[in-house]
2 protein chains.
Amino acid sequence: MALTKTEIISTALGILDAYGLNDLTMRRLADSLDVKASALYWHVANKQSLLAELVDKILAGLEPPELDATADGDPWRPSLRGWATELRARLLDHRDSADLVASMRAIGLAGTELSRAPAAVLTAMGMADQEATTASQTLIYFILGHVDEEQQRAQLGALAGEASPTPVMDGTASFAAGLNLIFDGMAAALPHDG
Amino acid sequence: MALTKTEIISTALGILDAYGLNDLTMRRLADSLDVKASALYWHVANKQSLLAELVDKILAGLEPPELDATADGDPWRPSLRGWATELRARLLDHRDSADLVASMRAIGLAGTELSRAPAAVLTAMGMADQEATTASQTLIYFILGHVDEEQQRAQLGALAGEASPTPVMDGTASFAAGLNLIFDGMAAALPHDG
DNA sequence: ACCTGAACACCGTTCAAGT
DNA sequence: ACCTGAACACCGTTCAAGT
């Protein structure tokens with residue numbers, strides 16, 4: 001049976017989860033598929049584009065945040081909080097994914113422009129376009145930076161004594177705290193609500 | 001004349017500036033020093049620690065922010081803004097440095113724990129320790145993420161038509177806007193000031 | 001259409017041996 | 001003390017050749 005791109009991508013994701021980004025090489029991936037490394041180049045242009053597709057797969061199905069019209073107070077807050085929490089969860093599902101997404105994002109290869117979805121919510125709330133763009137980018141930097149640090153720490157922990165007694169700080173809690181800080185900053189830039 | 005570590009580090013910085021992080025290999029560095037690659041290992045333990053020293057050199061002399069007691073209003077704002085602007089300037093001085101600092105930070109090898117200095121300012125203003133830590137880390141994620149994107153874009157621009165007519169957005173302006181957002185978020189977590 | 005074989009031009013790191 | 005030579009175990013990528 002001929003190789004398929006889908007098969008390649010999901011095998012790559014398996015290697016990423018089990019051994020990390022450093023061990024995700026074209027040769028190792030080929031070995032896992034019982035094929036020579038050069039065979040991969042019939043299906044993908046190069047490693048970069050393979051990684052970009054991996055990012056797409058990791059982020060696939062991430063729903064853009066929606067404003068709940070029935071909510072009163074700050075409807076955008078729970079909306080963005082839910083979206084950010086979903087994004088973090090997907091990243092935490094795959095080892096080294098925050099690092100991977102950040103590097104792909106920089107090269108502009110990742111199909112998903114992450115900051116667009118939250119920006120739309122903010123403009124819907126009356127924020128100016130440029131301000132909304134900046135604010136969402138700040139949000140994305142926070143999410144990727146935070147999760148990257150969580151994943152790096154998890155790896156260090158795995159190297160030292162397994163099951164570390166207590167993590168330095170609860171990731172979920174500090175993530176929530178950081179989100180609140182950014183939301184408070186956004187609130188200050190939003191038109192005054194009654 | 002024998003090689004010195006200082007010589008190695010500053011030559012490495014030169015390669016980083018001229019050719020970028022991808023081209024900063026032990027073999028290329030050795031070539032620049034008219035020496036064989038193996039010779040480097042008498043002076044440094046491995047590439048990681050060399051990169052960590054590079055980070056230290058890039059960030060050397062970055063003064064921690066000080067609170068101006070004579071200022072009224074929000075003395076911490078200009079203080080943190082000045083520090084963040086200084087940090088950005090140092091990073092912009094060296095190609096790929098934001099990427100480099102982020103990766104070293106994650107592994108915990110970089111001597112300078114960047115988020116400590118701004119955290120001290122916030123606790124001095126009466127913020128609780130944990131909140132201050134989270135807030136400063138959020139600030140650091142923003143700075144590194146923003147500058148990384150600036151540097152990546154600069155590289156893409158250099159690849160395409162040189163002297164691009166107008167950058168997509170002014171880096172300095174969007175940096176200032178992001179800073180303000182974060183400062184507004186911090187203000188909300190600070191004890192009410194008169 | 002899909003894959004192998006073989007090569008090219010690299011990596012980081014180690015270590016006996018030279019001076 | 002400081003460096004070279006030579007090797008080990010890798011990389012990503014290309015491309016003629018096979019089926």
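So you know, we letter chains A, B, ... as the sequences are listed, proteins then strands, and number each from 1.
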Legend entry - Over-ring placement of A:Arg81 relative to A:Phe183, 6.0 Å and 45° cut-offs: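 No, A:Arg81 does not lie over the aromatic ring of A:Phe183.
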
Legend entry - Pi-cation contact, A:Phe175 with A:Arg88 (under 6.0 Å, within 45°):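 Judged by the rule (NZ or CZ under 6.0 Å from the ring centre, within 45° of its axis), A:Arg88 counts as positioned above A:Phe175.
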
Inset, instruction - Just call it for A:Ala39: base, sugar-phosphate, or nothing, with non-hydrogen atoms closer than 4.0 Å on any strand. - result: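 The residue A:Ala39 makes base contact.
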
Inset, instruction - Just call it for A:Ser38: base, sugar-phosphate, or nothing, with non-hydrogen atoms closer than 4.0 Å on any strand. - result: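 Counting heavy atoms under 4.0 Å across all strands, the contact made by A:Ser38 includes a base.
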
Which nucleotide in the set [options] lies at the smallest distance from any side-chain heavy atom of [X]?
X: B:Trp42; options: D:dC11, D:dC3, D:dT13; result: D:dC3
X: B:Val35; options: C:dA1, C:dT13, D:dT4; result: D:dT4
X: B:Met26; options: C:dC3, D:dT14, C:dG12; result: C:dG12
X: B:His43; options: D:dC3, D:dT13, C:dT13; result: D:dC3

Legend entry - NZ/NE/NH1/NH2 to OD/OE distance under 4.0 Å, B:Arg90 and B:Glu86: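 Yes, B:Arg90 and B:Glu86 are salt-bridged.
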
Legend entry - Whole-Å distance separating the CD1 atom of A:Ile8 from the P atom of C:dC3: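 Interatomic distance, CD1 of A:Ile8 to P of C:dC3: 8 Å.
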
Inset, instruction - Could you tell me the separation between the CG atom of A:Asp31 and the C1' atom of C:dC3, rounded to a whole number of Å? - result: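 It is 15 Å, rounded to the nearest whole Å.
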
Inset, instruction - Considering just the side-chain nitrogens and oxygens of A:Lys36, establish if one lies under 4.0 Å of OP1 or OP2 belonging to C:dC3. - result: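 A:Lys36 to C:dC3 OP1/OP2: no side-chain N or O under 4.0 Å.
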
Inset, instruction - Answer yes or no: are there more than 12 heavy-atom neighbours, outside A:Glu7 itself, under 6.0 Å from its atom CD? - result: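 Yes, because the 6.0 Å sphere around CD of A:Glu7 holds more than 12 heavy atoms from other groups.
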
